[in-house]
Every structure is written in C-alpha cells, then in structure tokens.
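Reckoned from all heavy atoms, side chains included, excluding hydrogens, waters and symmetry mates.
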Amino acid sequence: MAWNFNSREPVFLQIANRLRCDILNGKYKPDEQIPAVRQLAFEASVNPNTMQKSLSFLEDEGLLYSKGTIGRFVTSDGEILKEAREKMKKSCMDDLIARAKESGISKDELINYIRKADNI
C-alpha cells in the first residue's frame with residue numbers, strides 16, 4: 001500500500017521521518033538490515049532515487065550505515081539512537097506547541113488535555 005505524503009514538506013524528508021520512527025520504535029533493530037531501496041520505493045510508491053536520497057539522509061545522521069553492496073543496516077550506537085530520540089521528542093513537542101499557539105490554545109489547556117487524553 002502506498003504511503004501518504006503531504007505537500008508541505010519534501011517527500012524524501014517525509015520518508016526519512018517515517019523510517020527514523022520505524023528505527024526508533026524498534027521496527028528495525030540495531031545492526032538489522034533494512035529492506036533494499038527498490039523494495040522500500042515500491043512499498044512507498046516513490047521513485048527509487050527519492051528513496052535513495054532518504055536513506056542517504058539517514059546515513060548522514062548516523063542512523064544507518066552501509067555495508068557496500070550488501071545493503072544498509074541500523075546503527076547499534078546507543079548514543080546516536082538516544083540523540084535521535086531526543087531530537088524527535090523535541091520536534092514533536094515544538095510542532096504541538098506551535099499548532100496550539102496558532103489555534104489559541106493556552107499552555108494550561110494543552111497540559112490539561114494531554115493529561116486527560118493519556119490518563120496521567
């Protein structure tokens with residue numbers, strides 16, 4: 001099934017974000033090989049060059065590493081994974097706070113809603 005993309009952000013970044021989440025959520029484990037470029041491109045219904053760009057982006061971040069012609073693998077470097085999780089949390093929170101402000105939602109309203117929604 002094709003992945004859904006929005007028009008607000010380049011597709012290769014959306015793919016990178018999805019794969020980053022898959023890595024950080026444990027779908028792909030440390031030192032595990034991820035599917036080949038063509039397979040991922042087929043699943044996402046994108047050009048293999050777009051998928052290649054996304055994977056190279058994740059390699060530049062250190063989340064993936066290449067073993068020549070064998071393929072790409074998830075890093076086992078705990079510090080890189082920890083840092084990526086922290087960046088993702090911050091990005092999610094920054095987006096949530098910005099959207100709340102745009103919508104006129106106060107900090108207290110947002111905190112109360114989060115507590116109710118998650119039963120904290």
Side-chain angles (χ1 to χ4, degrees):
M1 184 166 112
W3 298 1
N4 294 320
F5 301 109
N6 65 56
S7 59
R8 298 182 307 263
E9 184 178 35
V11 171
F12 87 93
L13 287 177
Q14 293 177 65
I15 293 168
N17 288 335
R18 179 169 175 164
L19 292 172
R20 184 183 302 107
C21 288
D22 287 347
I23 291 167
L24 297 176
N25 290 326
K27 179 176 178 180
Y28 302 117
K29 308 275 189 257
D31 287 324
E32 180 180 342
Q33 185 174 7
I34 65 166
V37 171
R38 290 194 183 281
Q39 181 181 343
L40 287 170
F42 176 77
E43 290 173 14
S45 295
V46 297
N47 185 296
N49 293 330
T50 302
M51 185 59 68
Q52 176 67 35
K53 187 173 182 178
S54 300
L55 296 175
S56 293
F57 187 80
L58 293 174
E59 271 190 77
D60 291 343
E61 285 185 3
L63 286 174
L64 296 177
Y65 65 92
S66 181
K67 285 189 179 179
T69 58
I70 297 172
R72 286 188 174 90
F73 296 78
V74 176
T75 185
S76 60
D77 186 322
E79 277 302 309
I80 289 174
L81 293 169
K82 180 180 175 184
E83 185 178 311
R85 279 187 188 88
E86 289 303 314
K87 283 182 183 177
M88 187 168 56
K89 282 189 251 183
K90 183 181 180 331
S91 176
C92 288
M93 291 308 298
D94 290 347
D95 289 347
L96 177 63
I97 291 166
R99 293 182 76 186
K101 283 181 182 178
E102 289 171 4
S103 301
I105 299 170
S106 73
K107 180 173 84 172
D108 290 336
E109 288 175 310
L110 183 59
I111 290 168
N112 287 332
Y113 182 79
I114 290 169
R115 284 190 176 129
K116 286 178 187 175
D118 200 31
N119 295 321
I120 296 174

So how far is it from Y65 OH to S76 OG, rounded to the nearest 0.5 Å? 6.0 Å
Quick one: do F42 and M51 satisfy side-chain contact (heavy atoms from CB on, under 4.5 Å)? Show the steps, please. CA-CA 9 Å; F42 176 77; M51 185 59 68; over 6 Å; no
Locate the shortest heavy-atom distance separating D77 from E79; write the atom from each residue and the value. OD1-N, 2.9 Å
Using a 3.5 Å distance criterion without hydrogens, assess whether the side chain of S54 forms a donor-acceptor pair with backbone atoms of T50. yes
Quick one: closest heavy-atom pair of L24 and L81, and the distance? CD2-O, 3.8 Å
Do L19 and L63 touch side chain to side chain, with heavy atoms closer than 4.5 Å? no
Minimum heavy-atom separation for I80 and G62, please, with both atom names. CG2-O, 3.6 Å
More than 12 non-hydrogen atoms from neighbouring residues, nucleotides or ligands closer than 6.0 Å to CZ on R85, yes or no? yes
Donor-acceptor contact below 3.5 Å, side chain E32 vs main chain K29: yes
Sequence neighbours excluded, the answer for ring pair (Phe, Tyr, Trp, His ring centres under 6.0 Å) partners of Y113 is none
Heavy-atom closest pair (E109 atom, G104 atom, distance to 0.1 Å) is OE1-O, 3.9 Å
Check this for me, if you would: do E61 and K87 make a salt bridge, where the nitrogen-to-carboxylate-oxygen distance has to be below 4.0 angstrom? no
Hey, are E102 and R99 close enough for a salt bridge, meaning a charged N less than 4.0 Å from a carboxylate O? no
Does the side chain of R72 come within less than 4.5 Å of E59's, by heavy atoms? yes
CG of L55 to CG of D60, rounded to nearest 0.5 Å, is 11.0 Å
Do V46 and L64 land in one hydrophobic cluster if side-chain heavy atoms of ILVMFWY residues count as linked below 4.5 Å? yes
Please find the pair of heavy atoms, one from F5 and one from A44, that lie closest to each other, and give the distance. CE1-O, 3.7 Å
Atom pair CG/OG1 of D31 and T75 - distance to nearest 0.5 Å: 7.5 Å
Sidechain-backbone polar pair: N6 side chain, E9 backbone, donor-acceptor under 3.5 Å: yes
Answer with yes or no whether the hydrophobic clustering places V37 together with W3; edges join I, L, V, M, F, W, Y residues whose side-chain heavy atoms lie under 4.5 Å apart. yes
Quick check: do F73 and I34 have side-chain heavy atoms less than 4.5 Å from each other? no
Is there a donor-acceptor pair closer than 3.5 Å between any side-chain N or O of Q14 and the backbone N or O of S7? no
Compare all side-chain heavy atoms of F57 with those of L13 and state whether any distance is below 4.5 angstrom. yes
P35 and L40: which non-hydrogen atoms are nearest, and at how many Å? O-CD1, 3.5 Å
When rounded to the nearest 0.5 angstrom, what distance separates CD1 in I114 from CE in M93? 5.0 Å
From N112 CG over to K107 NZ, what is the distance, rounded to the nearest 0.5 angstrom? 11.5 Å
Flag, side chain of N25 to backbone of K27, donor-acceptor distance under 3.5 Å: no
Value rounded to 0.5 Å, distance of CG in L58 from CG in D22: 10.0 Å
